Novice: 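First the structure, then my questions, so here it is.
All values below were derived from every heavy atom in this structure, side-chain atoms included, with hydrogens, water molecules and symmetry-related copies excluded. Source: prediction; values computed, not measured.
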Amino acid sequence: MRRGNSFLAPEVVDLYRHRPPYPRQLFDRLRALARPEARVLDLGAGPGKTGRVLAAHFRHVTAVDPSDAMISLGKVLPGGDRANLDWVNAYAEDVPLTGQYDLIVAALSIHWMDHPRLFPHLATHVTPDHVLAVLEGDAPHNPPWQNDWQSFLTKWVPVMTGEPFDPSVRPAFWNRYQQHVDVIETLTFMSEPVQQTIDDFILCQHSRDTFAISKMGTLRAAFDQELAELLTPYVQADGQLVFSTKTTLTTARIPIPG
């Protein structure tokens, strides 16, 4: 089974609305990477968390995702019906492309792709001065419950994946794509404060591949109860958890043959 196929499941798509937004300053930086008349390719677009925003600032955006349910959701969300935003149901490695793109964005998606197939495919459809923008991170960054959260993940990630979890070690799969591109720079952006109820925070975790409902089965009740108990001491007087997220932006160029 292809990695990341949990994102094709309707329940994961439905839970995507609980994902925190990306920082506003991140979008300012993305806008600065290309001219307004640029053509943008959004790979692994999901419901258009980046593509719908970028379509308001660039001439044309092609949003590609293998999940028809993700695309259907994206089309009804704000900005999803823009005339200059095309939705394409396909895997990034196989999507039919025409013309040249100035900016390629992959937001929390590049690690799911087959890089030896992906980058030669893209190399024939980019301008000489194109930019590849890879986004990582939309989870709480050093929230008040950080230590408890890391202990929770150290317990539950091995249960779900069969692999040990070490919060001090960055998984190698995040950077494998860099073997195929020329990295320009890496920047980080912090979000404005995010507010969520405990219930919404837990549902957000189920929008992630590791803890997808279809994978958890009968373990879900214990997972949800333990996480709720962990978070309860950190709820504000208004019933909300408050945290910020950190998103990393890596820019690169794809080598063009010849």
Novice: Would you give the length of the straight line joining atom CD of Gln196 to atom CG of Leu203, rounded to the nearest 0.5 angstrom?
Specialist: 9.0 Å
Novice: Is the shortest side-chain heavy-atom distance between Thr50 and Phe27 below 4.5 Å?
Specialist: yes
Novice: Are Leu73 and Arg17 close enough that some pair of their side-chain heavy atoms sits under 4.5 Å apart?
Specialist: no
Novice: With rounding to the nearest 0.5 Å, note down the distance linking CG in Asp238 to OG1 in Thr197.
Specialist: 10.5 Å
Novice: Where does the angle between the aromatic ring planes of Phe223 and Phe211 fall among parallel (under 30°), tilted (30 to 60°) and perpendicular (over 60°)?
Specialist: tilted
Novice: When rounded to the nearest 0.5 angstrom, what distance separates CD in Glu185 from OG1 in Thr250?
Specialist: 9.0 Å
Novice: Could you pull out the closest heavy-atom pair between Asp65 and Asn89, with the gap in Å?
Specialist: O-ND2, 3.0 Å
Novice: Just so I know, are the side chains of Gln150 and Phe165 near enough to count as touching, which here means a heavy-atom distance under 4.5 Å?
Specialist: yes
Novice: Keeping Arg176 on the side-chain end and His111 on the backbone end, is there a donor-acceptor pair under 3.5 Å?
Specialist: no
Novice: Under a 4.5 Å cut-off applied to non-hydrogen side-chain atoms, are Asn142 and Lys246 in contact?
Specialist: no
Novice: How close do Leu26 and Thr247 get, heavy atom to heavy atom, and via which atoms?
Specialist: CD2-CG2, 3.7 Å
Novice: Shortest non-hydrogen contact from Pro164 to Pro158?
Specialist: CA-CG, 4.1 Å
Novice: Could you grab the distance from atom CZ of Arg39 to atom OG1 of Thr62, nearest 0.5 Å is fine?
Specialist: 5.5 Å
Novice: Taking it one step at a time, do Asp42 and Leu54 satisfy side-chain contact (heavy atoms from CB on, under 4.5 Å)?
Specialist: CA-CA 9 Å; Asp42 186 10; Leu54 296 178; 6.0 Å; no
Novice: Would you compute the distance between atom CH2 of Trp87 and atom OG of Ser72 and round it to the nearest 0.5 angstrom?
Specialist: 9.5 Å
Novice: Is a donor on one side and an acceptor on the other found under 3.5 Å between the side chain of Asn84 and the backbone of Ala55?
Specialist: yes
Novice: Mark yes or no: Lys49 above the aromatic ring of Tyr22, with NZ or CZ under 6.0 Å from the six-membered ring centre and no more than 45 degrees from the axis.
Specialist: yes
Novice: Report yes or no: do Leu41 and Phe119 belong to one cluster of Ile/Leu/Val/Met/Phe/Trp/Tyr joined by side chain heavy-atom distances under 4.5 Å?
Specialist: yes
Novice: Which atom names give the shortest non-hydrogen contact between Ala63 and Ala45, and what distance separates them?
Specialist: CB-CB, 3.7 Å
Novice: So, the side chain of Arg220 versus the backbone of Met216: is there a donor-acceptor pair under 3.5 Å, distance only?
Specialist: no
Novice: A side-chain contact here means heavy atoms from C-beta on lying under 4.5 Å apart; do Leu132 and Ile184 qualify?
Specialist: no
Novice: Are Val53 and Met190 co-members of a hydrophobic cluster defined by side-chain heavy atoms under 4.5 Å apart?
Specialist: no
Novice: Check whether more than 12 heavy atoms from other residues, nucleotides or ligands sit under 6.0 Å from atom CG of Asp129, and answer yes or no.
Specialist: yes
Novice: In terms of hydrophobic clustering (I, L, V, M, F, W, Y; side-chain heavy atoms under 4.5 Å; direct or indirect links), are Leu30 and Leu108 co-clustered?
Specialist: yes
Novice: Walk me through it: do Trp156 and Leu227 pass the test side-chain contact (heavy atoms from CB on, under 4.5 Å)?
Specialist: CA-CA 10 Å; Trp156 277 98; Leu227 184 51; over 6 Å; no
Novice: For Gln25, does the CD atom sit with more than 12 other heavy atoms under 6.0 Å from it, leaving out its own atoms?
Specialist: no
Novice: Can you see whether Thr248 engages Thr188 through a side-chain donor-acceptor pair at a distance of less than 3.5 angstrom?
Specialist: no
Novice: Hey, does Glu163 have a side-chain heavy atom less than 4.5 Å from the side chain of Val157?
Specialist: no
Novice: Show the numbers, then the answer: is there a side-chain contact (heavy atoms from CB on, under 4.5 Å) between Glu136 and Ile110?
Specialist: CA-CA 9 Å; Glu136 302 172 34; Ile110 197 75; 5.7 Å; no
Novice: Heavy atoms only: give me the nearest Asp182-Pro255 pair and the separation to one decimal.
Specialist: OD2-CG, 3.9 Å
Novice: Are Val61 and Val88 connected into the same hydrophobic cluster when the rule is that any two of I, L, V, M, F, W, Y join if their side-chain heavy atoms are below 4.5 Å apart?
Specialist: no
Novice: Are the side chains of Cys204 and Pro20 in contact, using a 4.5 Å heavy-atom criterion?
Specialist: yes
Novice: Which pair of heavy atoms, one from Ala34 and one from Phe58, lies closest together, and at what distance?
Specialist: O-CE2, 3.5 Å
Novice: Under a 3.5 Å distance rule, please check whether His130 uses its side chain to pair with a backbone N or O of Ile104 as donor and acceptor.
Specialist: no
Novice: Between Arg253 and Val131, is a side-chain contact (heavy atoms from CB on, under 4.5 Å) present by the stated rule, with each step listed?
Specialist: CA-CA 5 Å; Arg253 285 205 170 85; Val131 177; 4.2 Å; yes
Novice: For this output row, return yes or no: ring centroids of Phe201 and Trp149 closer than 6.0 angstrom.
Specialist: yes
Novice: Ile71 and Val13: same hydrophobic cluster, using ILVMFWY side-chain contacts below 4.5 Å?
Specialist: no
Novice: Is the side chain of His125 donor-acceptor paired with the backbone N or O of Gly99 at a distance under 3.5 Å, no angle test?
Specialist: yes
Novice: Answer yes or no: is there a side-chain heavy-atom contact under 4.5 Å between Tyr234 and Asp148?
Specialist: yes
Novice: Checking His121 side chain against Val95 main chain: does a donor-acceptor pair fall under 3.5 Å?
Specialist: yes
Novice: Roughly how far apart are Glu93 CD and His115 NE2, rounded to 0.5 Å?
Specialist: 8.0 Å
Novice: Please check if atom CZ in Arg24 has more than 12 non-hydrogen atoms from other residues, nucleotides or ligands closer than 6.0 Å.
Specialist: no
Novice: Does the Lys NZ or Arg CZ of Arg19 fall within the cation-pi geometry relative to Tyr16 - under 6.0 Å from the ring centre and within 45° of the axis?
Specialist: yes
Novice: Does the salt bridge (Lys or Arg N to Asp or Glu O under 4.0 Å) test come out yes or no for Asp209 and Lys215, once each step is laid out?
Specialist: CA-CA 8 Å; Asp209 180 71; Lys215 292 184 175 182; 2.9 Å; yes
